[in-house]
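Please read the structure below before turning to the comments.
Below, read A as the first sequence line, B as the second, and so on, with proteins coming before strands; counting in each chain starts at 1.
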Amino acid sequence: MVKIKELKDFNLDHIFNCGQCFRWVREGDGSYTGIAFGKIVNMKTTPGRTMVDLEIDHADQDDFEKIWKHYLDLERDYGEIKKQLSKTDSVMAKAIEFGYGIRILNQDKWETIISFLISQNNNIPRIKKCIDALCENFGEYIGEYRGKKYYDLPKPQRLSRLSIDDLAKCRLGYRAKYIIETAMQIEKEGIGETFEYLTTLCGVGPKVANCILLFSMEKADCFPIDVWVKRVMNQLYGIAEEDTNAMLEYSKKNFKEYGGIAQQYLFYYIREGQNKVDEEVRL
DNA sequence: TCGCAGGTGGTCG
DNA sequence: CGACCACCTGCG
């Protein structure tokens, strides 16, 4: 068990429910159990809005320094980012107030590719089921924690050797083909870290590529545009829903190097908030 | 029963 | 090169 004292701008519900990850489960006590980089842990914080203490169970100080500190993006000063973004407009200020504890996780690249490949034209409960099925059917056994067995996400060289039939039990639908093809390409070429490279992968378009860059390659300026972001940018800023170019320009001009972080505040606000925006905050 | 869900690839004009 | 449109699956 590791304890980290006095974290600011940190809330587990915000972090694990803002749509960036799919493998963390909320427990009855408000803690989260999950797996990343082959380690199973449970995270829990003390109550509080401005400052909390974090407990990571099933981890030691060494794990914290090597894995969790960076995974949770604790080196980054969100206070400063929030201050800067809040100044851009009143809508963003409101979204930040709502999702004050969001942090962009630094996730495993391969896991992020697979996760967002599966996410396309899909809903969150089913995305989670698909990923769990991949792990349980084809992933390496990692260990048992609090009575539950955990399996890692299968590596590219494992998935590349599977057939569509093999993957049928994972209920991936037409995405099964994308996963096999992408696994084969990455086994051969490794993982490139640019938008141009990622969009050469089968099943990876602009939205998924930007999610991969933002959530696993430290590109905080990448601005993934999905239906929710279209919705919120339309409601808040009056940009036409089909005009993704105008949205990208808005982000670049106003949110600058923190476009991706701004996107997360907006996404969480529209998704977890009242699901539509009050007249008063609309610009 | 049918539309829809955190898009993308293929196919037209 | 932009505008459709089909697509696995499960849920309401």
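- C/dA3 and B/dA5 have their C1' atoms separated by 22 Å, given to the nearest Å.
- Each of A/T199 and A/N123 has a nearest nucleotide on DNA chain B; the 5'-most of these lies closest to A/N123.
- Looking at A/H58, its side chain never comes within 3.5 Å of a backbone N or O of A/V41 through a donor-acceptor pair.
- Residues A/M217 and A/L198 meet the side-chain proximity criterion, which asks for heavy atoms closer than 4.5 Å.
- For A/I225 and B/dG7, the CD1 to C1' distance is 13 Å, given to the nearest whole Å.
- Using a 4.0 Å cutoff to heavy atoms of chain A, the contacted part of DNA chain C runs 5' to 3' from C/dC7 to C/dC11.
- Heavy atoms of A/L117 sit nowhere under 4.0 angstrom from any nucleic acid atom.
- For the pair A/Q185 CD and B/dG9 P, the computed distance is 11 Å after rounding to whole Å.
- Between the CD1 atom of A/I127 and the C1' atom of B/dG7 there is a distance of 11 Å, given to the nearest Å.
- Linking ILVMFWY side-chain heavy atoms closer than 4.5 Å, directly or via other members, places A/I114 and A/M184 in a single hydrophobic cluster.
- Nucleotides B/dT11 and C/dC8 are separated by 14 Å at their P atoms, to the nearest Å.
- Base engagement by A/I124 is indicated by at least one non-hydrogen atom pair under 4.0 Å involving a base atom.
- Looking at heavy-atom distances under 4.0 Å, A/V204 makes contact with sugar-phosphate atoms alone, never a base.
- A/P206 comes within 4.0 angstrom of sugar-phosphate atoms only, judged by non-hydrogen atoms across all strands, and of no base.
- Between the P atom of B/dC4 and the CD atom of A/Q120 lies a distance of 19 Å, rounded to the nearest Å.
- If you take CG of A/N17 and P of B/dG6, they are 14 Å apart, rounded to a whole angstrom.
- Distances shown here put every side-chain N or O of A/R126 at or beyond 4.0 Å from the OP1 or OP2 atom of B/dA5.
- Protein atom CZ of A/F267 is 12 Å distant from nucleotide atom C1' of B/dA5, rounded to whole Å.
- Using a 4.0 Å heavy-atom distance criterion, A/G205 is classed as a sugar-phosphate-only contact.
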- Task: Please test A/S216 against A/Q107 for side-chain hydrogen bond (donor to acceptor under 3.5 Å, both in side chains), starting from the C-alpha separation and ending with a verdict.
- Result: CA-CA 5 Å; A/S216 71; A/Q107 302 181 69; over 6 Å; no
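- With hydrogens and angles ignored, the 3.5 Å screen pairs no side-chain donor or acceptor of A/T33 with any backbone N or O of A/N42.
- Looking at A/W228 and A/L266, their side chains never come closer than 4.5 Å, going by heavy atoms from C-beta outward.
- Spacing between atom CG of A/L198 and atom C1' of B/dG7 amounts to 15 Å, rounded to whole angstrom units.
- Across the C1' atoms, B/dG6 and C/dG2 are found 24 Å apart, a figure rounded to whole Å.
- Across all strands shown, C/dG2 forms a Watson-Crick or G-U wobble pair with B/dC12, both key distances being under 3.5 Å.
- Two residues, A/Y174 and A/K129, neighbour DNA chain C, and the one matched to the more 5' nucleotide by heavy-atom proximity is A/Y174.
- A/N122 places its CG atom 19 Å from the P atom of B/dG3, with the value rounded to the nearest Å.
- Along DNA chain B, the nucleotide nearest to A/L201 and the one nearest to A/F116 differ in position, and the one closer to the 5' end is contacted by A/F116.
- Taking 4.0 Å as the cut-off between side-chain N and carboxylate O, A/K256 and A/D221 do not count as a salt-bridged pair.
- With contacts defined as side-chain heavy-atom distances shorter than 4.5 Å, the pair A/F16/A/V25 does not qualify.
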